[in-house]
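This report refers to the structure that appears directly beneath it.
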2 protein chains.
Amino acid sequence: MPGKETLPVRGAQGDLLRLVAAGHAESRAELARLSGLAASSVSLRVEELIGSGLLVEEGAGTSRGGRRPRRLRLSPRAGLLAVADLGAHHARLGLLDLSGTPLVVEERPCDIMDGPEATIDWMAGAFEDMLAAHAPPGVPLRGVGTGVPGPVDPATGRVVAPSRMPGWNNFPVAERLAAHFGLPALVENDANLMAAGEARAWPGCETLMVLKAGSGIGCGVIVNGALHRGRGAAGDISHVRVRSDSSVTCSCGHDDCLEAYASGAALMSVLAEQGIEVRRPADVVALVEDGVPEATALVRNAGRLIGEVLTVLVNFVNPDAIVIGGGLSAAEPLISAIRAAVYERCLPLATRDLEISTTRSGPDAALLGAGSLLLDAVLA
Amino acid sequence: MPGKETLPVRGAQGDLLRLVAAGHAESRAELARLSGLAASSVSLRVEELIGSGLLVEEGAGTSRGGRRPRRLRLSPRAGLLAVADLGAHHARLGLLDLSGTPLVVEERPCDIMDGPEATIDWMAGAFEDMLAAHAPPGVPLRGVGTGVPGPVDPATGRVVAPSRMPGWNNFPVAERLAAHFGLPALVENDANLMAAGEARAWPGCETLMVLKAGSGIGCGVIVNGALHRGRGAAGDISHVRVRSDSSVTCSCGHDDCLEAYASGAALMSVLAEQGIEVRRPADVVALVEDGVPEATALVRNAGRLIGEVLTVLVNFVNPDAIVIGGGLSAAEPLISAIRAAVYERCLPLATRDLEISTTRSGPDAALLGAGSLLLDAVLA
DNA sequence: CGGCTTGTCTTCGATTTCGAAGGAAGTTGG
DNA sequence: CCAACTTCCTTCGAAATCGAAGACAAGCCG
């Protein structure tokens with residue numbers, strides 16, 4: 001009976017379970033090092049966790065010069081997480097086991113303009129479909145989480161002043177989800193989720209900036225290994241004023257915001273003015289790959305503007321890496337223009353070991369991040 | 001015999017001592033809440049710490065509705081810290097007890113241009129003078145720390161690529177100090193020390209940006225209550241490109257750095273060109289207070305430029321407060337120009353509860369910060 | 001004043017954790 | 001191949017920690 005009841009989240013067992021689930025530890029020895037507990041205590045608790053079916057021993061790890069460790073994993077039967085990443089016109093949805101490994105990921109069309117009530121109902125229905133189709137019998141759902149394309153107040157789980165989500169302002173999304181499933185629920189900005197997901201793919205990097213370049217421009221920040229939320233808007237770079245000859249007024253009311261020049265939406269509207277039909281950021285990438293000069297020039301300029309904004313932040317934050325994801329990140333000229341700007345203008349101390357590259361987690365980064373953060377809520 | 005021997009830094013006693021020393025806890029009950037230990041265990045360990053003369057009970061605190069707590073303090077006889085803040089032409093030096101309370105603070109002229117060897121010898125001599133004059137007999141020195149006006153590699157305690165400290169590059173300052181006194185030693189950038197010092201004066205603020213506006217422009221960042229060091233240059237804002245009509249080349253080799261327009265040094269050189277004699281940032285403040293229009297306009301412009309740079313960082317980091325210190329911070333027009341720029345251009349979510357004001361810890365902020373950080377080294 | 005509530009601190013048996021010692025299972029290097 | 005070393009994991013008595021119960025000391029309030 002693998003933990004149909006509540007999970008052991010308190011005390012030493014909970015600590016050890018968290019370390020394994022978060023992917024920080026894979027063996028009793030590692031658990032001892034990271035938890036600060038004595039090796040003997042770790043063995044005792046791990047034996048109990050295996051006994052209750054939450055952990056499983058799975059083969060041997062690689063030796064570090066001595067006896068090989070016996071690898072520990074979270075049992076796939078310990079529970080499931082249902083996660084989603086809401087976009088403007090479609091959503092990715094997934095089921096993960098408690099170690100964050102996806103069982104199934106789907107993309108379905110939806111429309112957040114229908115408002116929060118309808119969208120949450122739709123999402124709940126989609127989750128139930130997926131559970132019916134893919135969840136092994138007897139494995140309980142432990143938590144639900146979703147990303148939204150707007151700022152979220154970390155204290156309340158409410159969406160706050162979202163520019164692309166009319167009708168959602170101050171709606172208690174997390175509360176509703178929690179009530180519907182009777183489970184811990186998580187709501188977080190989509191770029192923040194991407195950052196949390198990437199963080200697991202960049203071991204050794206304590207400080208990370210993860211840029212989401214899609215229709216909008218978002219950024220998530222990992223500081224000291226943890227997501228930095230600030231007041232819910234942390235990581236915002238879209239409304240930074242950029243140096244420009246012309247003058248464009250942004251939806252926020254100010255002039256010359258980065259978003260008005262370098263977001264996917266801005267690029268698409270310029271292309272449309274030139275009579276080139278594009279519907280999504282991926283179409284822009286396709287134009288660039290086809291060598292359409294107008295598109296390439298636009299994308300390169302967007303990269304330069306983004307890079308100039310990043311220089312300020314790189315000097316200030318000194319990240320270990322900048323990760324670029326989102327629909328536009330597949331466009332090479334964007335990446336190279338960002339790299340050029342950052343390496344040219346930043347302090348040598350800040351760029352000496354700085355890596356700038358595209359996502360390692362791919363399109364599921366946000367779902368993985370939702371799993372990672374949701375785990376903290378489930379095991380707490 | 002109040003702990004002439006080594007301090008108990010390991011295990012529960014160490015944890016409790018740290019909590020009291022850092023100012024987080026003042027009673028057994030608070031210690032129990034913050035340490036996670038059972039109240040009974042806390043009482044046992046506290047009794048031992050009092051027995052060994054490290055803690056003292058000092059009167060009663062204020063009731064929170066029930067019995068009044070018996071206040072705990074670090075014994076003034078538990079030990080001393082010697083701390084310094086090196087500037088270009090003068091240094092502040094102080095002796096603190098282990099709870100960070102200053103016994104004595106002095107300002108002495110010195111010249112870091114004499115190079116690291118001479119300066120460290122000078123500092124050691126000054127510390128020994130002060131100890132002889134002010135240290136109660138039998139109270140041991142537990143650690144030594146200093147701030148320097150340049151970046152410091154957090155891993156090695158070496159000064160790295162300092163623009164205003166020729167001869168210091170890569171010099172192992174911390175190592176030398178530690179060797180000279182045979183004690184834990186700390187070396188840190190001066191703005192970072194200011195930030196660590198201010199952090200203790202802003203309880204409830206998890207994320208803080210502390211600007212040091214003096215001859216140069218520095219900034220220290222507190223994220224989640226801890227100093228964010230990055231690669232040693234974190235918090236740098238002096239080499240951000242600003243929007244400007246003219247074009248000035250900075251010492252870093254790039255054009256139009258903030259430092260070249262808004263630092264105290266830059267203001268002084270402009271005033272000098274106009275035939276107005278000034279020798280230190282305080283003289284600029286005096287001119288502003290005397291209503292000299294050239295000085296006021298210059299300072300206000302500097303504030304605007306600094307504020308525009310801060311807008312980017314406020315949107316990104318979402319600090320709870322921006323604290324402005326350093327020699328120029330006494331100039332009202334600087335503060336109000338910074339406020340105007342930040343409140344005008346930042347996202348409402350980021351500025352809603354943002355406080356922008358001058359230092360609460362005053363001119364000793366850096367010394368207090370050195371004490372705070374040094375404590376971690378001493379109790380570790 | 002005397003209950004009532006809230007919060008602080010101690011006592012003591014039950015439980016958990018520690019740490020030293022040792023066995024198990026590898027790697028490294030003659 | 002064997003000896004020396006490393007790392008991983010378990011065993012078992014000693015020591016620290018927990019937590020429930022209660023004494024103690026206030027503030028609150030009629």
Side-chain angles (χ1 to χ4, degrees), chain A residues 6-20 23-52 54-75 203 379-380, chain B residues 6-20 23-52 54-75 203 379-380:
Chain A
T6 56
L7 290 169
V9 295
R10 305 176 61 101
Q13 280 199 9
D15 292 343
L16 299 182
L17 202 56
R18 263 184 288 278
L19 284 169
V20 175
H24 295 311
E26 273 200 339
S27 69
R28 292 164 173 81
E30 261 177 316
L31 281 172
R33 279 192 294 270
L34 292 176
S35 70
L37 295 176
S40 49
S41 310
V42 170
S43 266
L44 273 175
R45 299 306 145 225
V46 165
E47 228 43 56
E48 291 173 8
L49 287 167
I50 292 178
S52 57
L54 292 170
L55 286 185
V56 288
E57 241 172 31
E58 195 190 55
T62 53
S63 165
R64 305 194 317 157
R67 172 176 173 171
R68 288 191 299 192
R70 285 146 70 183
R71 283 178 63 187
L72 298 172
R73 277 204 46 183
L74 244 100
S75 163
L379 297 179
Chain B
T6 55
L7 291 169
V9 295
R10 306 175 61 100
Q13 280 199 10
D15 291 343
L16 299 181
L17 202 57
R18 262 185 290 278
L19 283 169
V20 176
H24 295 309
E26 271 199 342
S27 71
R28 291 165 174 78
E30 261 179 317
L31 281 172
R33 278 192 293 272
L34 292 176
S35 69
L37 294 176
S40 48
S41 309
V42 171
S43 266
L44 274 174
R45 299 306 144 226
V46 165
E47 230 40 58
E48 291 172 8
L49 287 168
I50 291 178
S52 58
L54 292 171
L55 285 185
V56 287
E57 244 173 30
E58 196 190 52
T62 53
S63 166
R64 303 195 315 158
R67 170 175 174 174
R68 289 193 300 193
R70 286 144 69 184
R71 284 179 62 187
L72 298 172
R73 276 204 45 183
L74 244 100
S75 163
L379 296 179

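Everything quoted here is computed from the prediction, not taken from an experiment. Below, read A as the first sequence line, B as the second, and so on, with proteins coming before strands; counting in each chain starts at 1.
- Going from atom CD of A:Glu30 over to atom C1' of D:dT7 covers 12 Å, rounded to whole Å.
- The interatomic distance linking A:Ile50 (CD1) with D:dC9 (P) rounds to 10 Å, in whole Å.
- Between B:Arg33 atom CZ and C:dG7 atom P there is a gap of 9 Å when expressed in whole angstrom units.
- Residues satisfying the side chain to side chain contact (heavy atoms under 4.5 Å, CB included) test with B:Arg18, not counting sequence neighbours, are B:Val9, B:Asp15, B:Leu379.
- Residues satisfying the side chain to side chain contact (heavy atoms under 4.5 Å, CB included) criterion with B:Ile50, sequence neighbours excluded, are B:Arg28, B:Val46, B:Glu47, B:Leu55, B:Glu57, B:Leu72.
- Put simply, CD on A:Glu48 is 8 Å from P on C:dT16, counting in whole angstrom units.
- Taking atom CZ of B:Arg70 as the reference point, atom C1' of C:dG7 lies 14 Å away to the nearest angstrom.
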Item to check | Which nucleotides of DNA chain C pair, in dot-bracket form (Watson-Crick or G-U under 3.5 Å, | meaning another strand) | outcome: ||||||||||||||||||||||.|||||||
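- Under the rule for a side chain to side chain contact (heavy atoms under 4.5 Å, CB included), A:Arg10 has no partner lying at least two apart in sequence or in another chain.
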Acceptor/donor pairs from residues 35-42 of chain A side chains to any protein atom, 3.5 angstrom cut, sequence neighbours excluded:
{"unit_1": "A:Ser35", "atom_1": "OG", "unit_2": "A:Leu31", "atom_2": "O", "d": "2.7"}
{"unit_1": "A:Ser35", "atom_1": "OG", "unit_2": "A:Leu37", "atom_2": "N", "d": "3.1"}

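- For the salt bridge (charged side-chain N to carboxylate O under 4.0 Å, His left out) test, residues two or more places apart in sequence or in another chain that qualify with A:Arg71 are A:Glu26.
- From A:Leu54, atom CG reaches atom CG of A:Leu16 across 12.0 Å, with rounding to the nearest 0.5 Å.
- Legend: residues meeting side chain to side chain contact (heavy atoms under 4.5 Å, CB included) with B:Ala380, ordered by chain and number and at least two apart, are absent.
- Atoms CZ (A:Arg10) and C1' (C:dT16) sit 15 Å apart, rounded to a whole Å.
- Qualifying salt bridge (charged side-chain N to carboxylate O under 4.0 Å, His left out) partners for A:Arg33, counting only residues two or more places apart in sequence or in other chains: none.
- Across the protein-nucleic acid pair, A:Glu57 atom CD and D:dC8 atom C1' stand 12 Å apart, rounded to whole Å.
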Checklist entry - Base, backbone or nothing for each nucleotide of nucleotides 17-30 of chain C, written B, S, -, heavy atoms under 4.0 angstrom, 5' to 3'? => result BBB---BBBBS---
